[in-house]
Asker: 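Below you'll find the structure I mean.
For ligands, and for the atoms within them, numbers begin at 1 and follow the listed sequence. Throughout, residue positions are numbered sequentially from 1 according to the sequence presented.
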Amino acid sequence: MRKIPQLRFAHLPTRIEPLPGIGAALGGARLWVKRDDQTGLGMGGNKTRKLEFLVAEAQANGAKTLITAGAVQSNHCRQTAAAAARVGLDCILVLAGEPEAQPSGNLLLDHLFGAEIAWAAPGSRDQTLKETFQAAWDAGKRPYLIPYGGSSPTGAAAYAFAVQELLAQELWPDVIVFASSSGGTQAGMVVGARHFGYKGRILGISIDERAAVLQERVAHLATATADFLDIQAGFTPDEIEVVDDYLGGGYGVLGNLERGAIELFARKEGLLLDPVYTGRAAGGMLDLIRQGILSPDEKILFWHTGGAPALFAGRYSNQLDRGESGDTQPVWIS
Ligand SMILES: *Cc1c(COP(=O)(O)O)cnc(C)c1O
């Protein structure tokens, strides 16, 4: 395996904790959580691991400005802004949507970290990103482009090493469950599993794509990541495990599944999930356990990827704060 440059700003290894309250609520499931919501940089999350490699690569290329793009409440953009601040680079974020009158959640944090925001109309994000990059280049800002979700081979490589870290923690789960979207987390995990000898399942709960699309993307990125690390390994879509039964109302739409999971984790464990990613992934996982598709004999690890700052985004906090009554009954508790 090739050695690649890495900065060190994440709090690693992240802890593994049991989830006894939720396990009991589900009739004795054996559940743990790996706390990548606590990676430490600017409220943490899975992008912080990727950024240790991406920002090192940017610096090696003589970059002065990090540029990336995402949704208004992007955790990736917020962590990129924090990483830029940490190492003294400028940061430009291309966000799809409308400027908020009162920035909240991740967007508020983007401002605090000093990022410049370029707003893109929905549908023209790629175009705005290109133009923003070109303008920064022309202005001598020496920009480095970080792709959506930090999911280049450089970023994904971080999750190969995260699997190595997990195996040293000696839990050896039968199945790892987590939120999968741009695919870098899952791609890195399958590369790490292959290289470091983890034999369990790596089950991505898709956040916003049909399984076939995400499997193809992850397999392609995993193969490229293995190649980047000089690991002899190739991946085909059928080797990538994705469940797409929980897409709900689409990306970023908070439904009963997400709300129920957020409340259950909060009330049984004092643990915060987020409305977009981990709420959906945990809701899916709980439903798979309830259906018996994930068996109670299996050791299940929920790999928490972060995102809780979005709980404080106006659009979600308004919907979450509905108290005991209303349509908050989790779908897996009949
Ligand atoms: C970005 C993100 C994910 C998805 O990770 P990918 O590598 O893009 O698949 C999951 N959870 C949270 C909280 C995220 O911010």
Asker: Let me see the working for Thr128 and Glu131 under side chain to side chain donor-acceptor pair (under 3.5 Å), right down to the final yes or no.
Answerer: CA-CA 5 Å; Thr128 306; Glu131 289 165 8; 5.1 Å; no
Asker: Can you give me the closest heavy-atom contact between Pro147 and His76, atom names plus distance?
Answerer: O-NE2, 3.5 Å
Asker: Where's the contact between Ile207 and ligand 1, heavy-atom distance under 4.0 Å: side chain, backbone, both or neither?
Answerer: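 Near ligand 1, Ile207 shows nothing, with every heavy atom at 4.0 Å or more.
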Asker: Is there at least one pair of N or O atoms, one from Thr278 and one from ligand 1, spaced under 3.5 Å apart?
Answerer: no
Asker: Please identify which atoms of ligand 1 are closer than 4.0 Å to at least one heavy atom of Thr185.
Answerer: 5 (O), 6 (P), 7 (O)
Asker: Mind checking whether Lys47 has a heavy atom under 4.0 Å from ligand 1?
Answerer: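 A heavy atom of Lys47 does come that close to ligand 1.
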Asker: Can you classify the ring geometry of Phe53 versus Phe161 as parallel (below 30°), tilted (30 to 60°) or perpendicular (above 60°)?
Answerer: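 It falls in the parallel class, under 30°.
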Asker: Check if Gln79 has a non-hydrogen atom at a distance under 4.0 Å from any atom of ligand 1.
Answerer: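 Under 4.0 Å: no for Gln79.
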Asker: Which of the atoms in ligand 1, numbered in the order shown and given with their element, are less than 4.0 Å from a heavy-atom of Ala179?
Answerer: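 Checking each atom against Ala179, I get 4 (C), 10 (C).
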Asker: Give the atom numbers and elements of ligand 1 that come within less than 4.0 Å of a heavy atom of Thr305.
Answerer: 10 (C), 11 (N), 12 (C), 13 (C)
Asker: Are Thr48 and Gln79 close enough, and set up right, to give a side chain to side chain donor-acceptor pair (under 3.5 Å), and what steps lead you there?
Answerer: CA-CA 6 Å; Thr48 296; Gln79 287 164 86; 2.8 Å; yes
Asker: Within a strict 4.5 Å, meaning less than it, do heavy atoms of the Asp297 and Asp174 side chains meet?
Answerer: no
Asker: Heavy-atom pairs closer than 4.0 Å: do any link ligand 1 to the side chain of Lys50, the backbone, both, or neither?
Answerer: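 Only the side chain of Lys50 comes within reach of ligand 1.
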Asker: With side chains defined as the heavy atoms from C-beta onward, is the minimum distance between Thr68 and Cys77 less than 4.5 Å?
Answerer: yes
Asker: Can you tell whether the side chains of Arg49 and Asp36 come within less than 4.0 Å, N to carboxylate O?
Answerer: yes
Asker: Using a strict 4.0 Å cut-off to heavy atoms of Gly307, name the atoms of ligand 1 that fall inside it.
Answerer: 13 (C)
Asker: Is the NZ or CZ atom of Arg78 positioned over Phe113's six-membered ring, under 6.0 angstrom from the centre and within 45° of the axis?
Answerer: no
Asker: Mark up the atoms of ligand 1 that fall under 4.0 Å of a heavy atom belonging to Ser182, in ascending order.
Answerer: 6 (P), 7 (O), 8 (O), 9 (O)
Asker: With a 4.5 Å cut-off on side-chain heavy atoms, are Val55 and Arg86 touching?
Answerer: no
Asker: So is Gly149 close enough to ligand 1, meaning a heavy atom under 4.0 angstrom away?
Answerer: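 Outside the 4.0 Å threshold, so no.
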Asker: Could you check atom 13 (C) of ligand 1 against the protein and tell me its nearest heavy-atom contact, residue, atom and distance included?
Answerer: Gly306 O, 3.2 Å
Asker: Walk me through it: do Lys50 and Ser151 pass the test side chain to side chain donor-acceptor pair (under 3.5 Å)?
Answerer: CA-CA 8 Å; Lys50 300 178 180 184; Ser151 287; 3.2 Å; yes
Asker: Indicate yes or no: does an N/O atom of Ser181 lie under 3.5 Å from an N/O atom of ligand 1?
Answerer: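 Looking only at distances, the answer is yes, because the N/O contact criterion of under 3.5 Å is met.
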Asker: Provide, to 0.1 Å, the distance between atom 5 (O) of ligand 1 and the closest protein heavy atom, together with that atom's residue and name.
Answerer: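 The closest heavy atom on the protein side is Asn46 ND2, 3.1 Å.
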Asker: Please determine if Asp274 has a nitrogen or oxygen closer than 3.5 Å to a nitrogen or oxygen of ligand 1.
Answerer: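 No, no N or O pair falls under 3.5 Å.
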Asker: Tell me whether ligand 1 is touched by Ser180 - counting only heavy atoms on the residue side and a distance under 4.0 Å.
Answerer: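 So Ser180 counts as touching ligand 1.
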